[in-house]
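When reading the values below, keep in mind they use all heavy atoms of this one structure, side chains included, and skip hydrogens, waters and symmetry mates.
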Amino acid sequence: MNRDQQAQEILKRIRADDFILLLHAAKRSDERSIGKENVIYCANTCFHWEWQEDHSTHLFLGLLNQTESGGFTAVLRDQVLVVTVFKRRLTKWEKHLKKSKKL
């Protein structure tokens, strides 16, 4: 599976709520006030993704809810989906991408 196919598979699984938050991820989720529903919302509103060579993960940008931008990084390892979520302000370039997708 190439990187684009892997990214599409990750989005497909998250959109279908086909993932769980393990202990570490659940803890980070609580610390950042980002729940599983926010990850699903972000996958559904994803307007950009790219492979991060330095981290060996996919970066996905979208909305966490109707007002907050954010994203998640993810990778498939032996069919296990590893996800990290975050809130962040979008860069000018990312805001332009978001507008072009009409989000």
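Here the closest heavy-atom approach between residue T57 and residue T73 is recorded as OG1-CB, 3.9 Å. When all heavy atoms of C42 and G70 are compared, the closest pair comes out as SG-O, 4.1 Å. Across L64 and N38, no two heavy atoms sit closer than the pair O-ND2, 2.8 Å. Taking all atoms of both residues into account, the shortest heavy-atom contact from V75 to S56 is CG2-O, 3.8 Å.
Taking the ring-ring contact (aromatic ring centres under 6.0 Å, His included) definition, one finds that H55 meets it with nothing, sequence neighbours left out. With sequence neighbours excluded, no residue forms a salt bridge (charged side-chain N to carboxylate O under 4.0 Å, His left out) with E50. For D54, the side chain to side chain contact (heavy atoms under 4.5 Å, CB included) partners two or more places apart in sequence, or in a different chain, are Q52. When the salt bridge (charged side-chain N to carboxylate O under 4.0 Å, His left out) test is applied to R32, no partner is found at least two apart in sequence or on another chain. Every residue two or more places apart in sequence or in another chain was checked for a salt bridge (charged side-chain N to carboxylate O under 4.0 Å, His left out) with E37, and none qualifies. R3 meets the salt bridge (charged side-chain N to carboxylate O under 4.0 Å, His left out) test with E53; sequence neighbours excluded.
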Notebook entry, point to check: Are L61 and F47 close enough, and set up right, to give a side chain to side chain contact (heavy atoms under 4.5 Å, CB included), and what steps lead you there?
Noted result: CA-CA 6 Å; L61 298 176; F47 59 85; 3.9 Å; yes
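Tested against I10, the residues Q8, R13, Q6 include a single side-chain contact (heavy atoms from CB on, under 4.5 Å) partner, Q6.
To the nearest 0.5 angstrom, Q66 atom CD is 4.5 Å from Y41 atom OH. Rounding to the nearest 0.5 Å places OG of S33 at 8.5 Å from CD of E68. Note that CG of L59 is 6.0 Å distant from NE2 of H48, once rounded to the nearest 0.5 Å.
For E31, the CD atom sits in a packed shell: over 12 heavy atoms of surrounding residues, nucleotides or ligands are nearer than 6.0 Å.
The aromatic rings of F60 and F72 lie parallel to each other, their planes meeting at an angle below 30°, with 60° marking the opposite boundary.
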